[in-house]
Amino acid sequence: MMALLEIKNMMVEFPNRRGNFTAVEDTSIEVAAGEILGIVGESGAGKSTIGNAVMGLLQAPGRLGEGKVYLNGSRIDGLSGEQLRKLRGNRIGMIFQDPMTSLNPIETMEMQLVETIQEHLGLSQNEASTRAVDLLERVGIENAKERIKQYPHQFSGGMRQRVVIALALCAEPELIIADEPTTALDVSIQAQILDLIKELCREKQVGVILITHDMGVIAETTDRVAVMYKGRLIEAGSTTDVIHNPRKPYSKSLIAAVPPSNRKIERFPKVAMDDSDGGRLQNFDLSSHWLGRGKRFKDTGNALISVRHISKRFPLNSAILKRKRTYIDAIRDISFDVMPGETFGLVGESGSGKSTVARVITGIHPATSGSIVFADTDLAKIKSGAERRRIRRDVQMVFQDPYSSLNGRMRVGTIIAEPIIVNRLAGTKVERESVVLDLLDLVGLGRDAARKYPHEFSGGQRQRISIARALATRPRFLICDEPTSALDVSIQAQILNLLKDLQEQLNLTYLFISHDMPVMRQMCDRIGVMRNGKLVETSETEALFNDPQHDYTKSLIELMPKFTK
Amino acid sequence: MIGHLHRIWDSDLCWSFRQSPVAMVSACISTVLIVCAILAPLIAPYNPFDPSTLNLMNGFSRPMEPNPFTGEIFLLGTDDQGRDMLSTILYGMRISLFVGFMAVIFAMVLGVLLGLFAAYAGGRADAIIMRIADVQLTFPAILVAILIFGIAKGFTPVHLRDQMAIWVLILSIGLSDWVQFARVARGAALVEVQKEYVEAAILIGRKPGIIIFRHILPNVVSPILVIATISLALAIILEATLSFLGVGAPPTEPSLGTLIRIGQSFFFSGEWWILFFPATTLLMLALSVNLLGDWLRDALNPKLGE
């Protein structure tokens, strides 16, 4: 069988002032009609670049250095702009990552679809209109006749992505390139979109290239998979083969790093390909070290933190008159306890209010009602500022975005020293400096890091800095708000390992927030499921996964991409 | 030390500077002009403020030509009082630049403080500060400056007026220009305030003042720097305009604007150099600083480039 798309020895380079950066090197890939090929890899692996190079959409100054691309046997690399334009849409459709920005907000769906259809098929206005409605129906939009008159902002994210798919299908292309089509979507919508892509592929015998970083998506959707690493094709083969029987060391480590969805493992296997793995402080003795000093642990058997009926409403406008003000309830009547030393998880889709809970606990957004008792102290009853600061010191946070959570103008050493200085936790400058270096060791960064600036580190390393800063106040309670959702899967495994180690060594209590069910399963002792600002179910982790009670929990567990090894 | 210098030389900003002929030429011209202005007492052939050195017979000497009465040669000619134009321009530029720099610094400190505070505090404080800024923007800067100049002059004792004139000028230009800084600082700070490092600073117990100055301010420096450079050119021109209108620097301490005002009364009677040279100097100064600002804006914001 002749391949639908054949990429031979592709090399893509980006010239810059220091020479050439090679984004893709010596990569050959084939896609057959009716087949879904997954391209998987971590950030910077060059997977999106391949898609863009095929489409002729490389951003300047990028260029195809070498290689040939055949579509149905004829060469398509090196075509002129006009020829490429005809090719795009007509024969190759593209689905982009962010449905919020890939539609024109000032045109109705009909205008956008009809324009594209007429452009490619040369139909009359009426014919194109009918076809547009058909297309919307086919991608599963109900009441297509009415909804087609609407504007993008009247559609939800998942619906928009369906319209984007309809746009890609306008001219019945032979090949669809989907670049992270579900990364911006919640898991329930992700499942629907992936099903739609699978169905279209079977029905119309379209070839699909699915570019993603998510092994779960790959496992559930694709027929064959190509693993990329640093611009090179590492391994390609049938999806089941690659997942269950990876041959190359990189594929092995990548697959080992994916949190399995069906069971809990104690630690992720050592997965380092390039980033240093978390070096544990050898013979670390908490009782004699600064980090263990001043601990006021009295295990009273009570919960470390007990959240009772907290609600938080945010004003939507700031009208002067009280009755004109409108509010949104971000969280409503949330109650849970976290016992000392355990990890309590909060899981939910975007907008469910899980981050708001974290910020209410830290005091960044004071609760509208309800009470929080931390270590037997009711936070609302604290009057003195000094007392409040002392309590606040015990509650620290690791943030989601490692790029915005560190001040780029400060050296790493200063960033980690700041909490110690502010809270006067070290007697002398010498002691402070040695503590900073110990903390860097503890999170596996090495002592040299202190003199560098954050931009010299990768995302995973920055997250380690962020953890070290949080530890520098000697906290008892650490809130991890999606600490790994911006990271690659192998780095995620390292950070999760690190968090587990630290918990054990420093006797920490965690509130772990994530939208990723398999990660929750690995990290948490108990999990609370949030939806629309409410806690719908709280349960022991394994009980939750094996016997979910609430319908919403059931659907979350059913819809998460299954990844089993 | 050497390594440090090398790092600066190799930085992207320096590289983009070396790639831009406009930036390099502008930087050269403005540096030469600024250095000349600073060194005016050393390099100027005459002291135009010392009446004892003036010879009325030298009045209206043409540039590069011997004076018909005294035979002295003046590079750029003299004015009606017999003052050497080159020296007056050098000293005038000194005043123009001094006023410009001081006014920008004043506007920057005021605007950045208010802008950062507005962004961090939000709510009512933000609304009040920014509405005042909006109202001020509806008046032309020159009108605001004249207004402030006039009011301030009313409050200064008569015998101090000439001495105070420069400071009043700085105050009025600075007060008419702070809005730009406030808006830019607020806009940039609003982005930074959202970032998680600010939250982290709150969590470790930092107080708001320190968060604003130690965490947010260093991260909004680059857009402020761009505005400051462009504002410098505008402030120099505004000062020249005010002086040209006769409300700025007094004739005893003429700035470039004062010189242009004096020169324009002789322009149509053939003594073109009295107007031409100060005007050209002002043009070169304002243009080179402005182009430098444009380059800086592009270099610090790669999205604007192609």
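Because only heavy atoms are used, hydrogens play no part in the values below, and waters and symmetry mates are left out as well, while side chains stay in.
Taking the centre and axis of the six-membered ring of A/Tyr327, the NZ or CZ atom of A/Arg313 falls inside the cone set by 45° and 6.0 Å.
Across all their heavy atoms, B/Trp295 and B/Ser16 have their closest contact at NE1-OG, 3.1 Å. Residues A/Pro475 and A/Leu508 come closest through the heavy atom pair O-CD2, 3.3 Å.
No side-chain donor from either of A/Thr473 and A/Asn423 sits under 3.5 Å from a side-chain acceptor of the other.
Of the two parts of A/Arg392, the backbone and the side chain both hold a non-hydrogen atom closer than 4.5 Å to a non-hydrogen atom of chain B. Only the side chain of A/Ile364 comes within contact range of chain B, judged by heavy atoms closer than 4.5 Å. Looking at A/Thr362, both its backbone and its side chain come within 4.5 Å of chain B, counting heavy atoms on both sides. Neither the backbone nor the side chain of A/Arg388 comes within contact range of chain B; no heavy atoms are under 4.5 Å apart.
Ring pair A/Phe21/A/Phe14 is tilted by interplanar angle, where 30° to 60° counts as tilted.
No other option in A/Met410, A/Gln396, A/Met397, A/Arg389 has as many heavy-atom pairs under 4.5 Å with chain B as A/Gln396.
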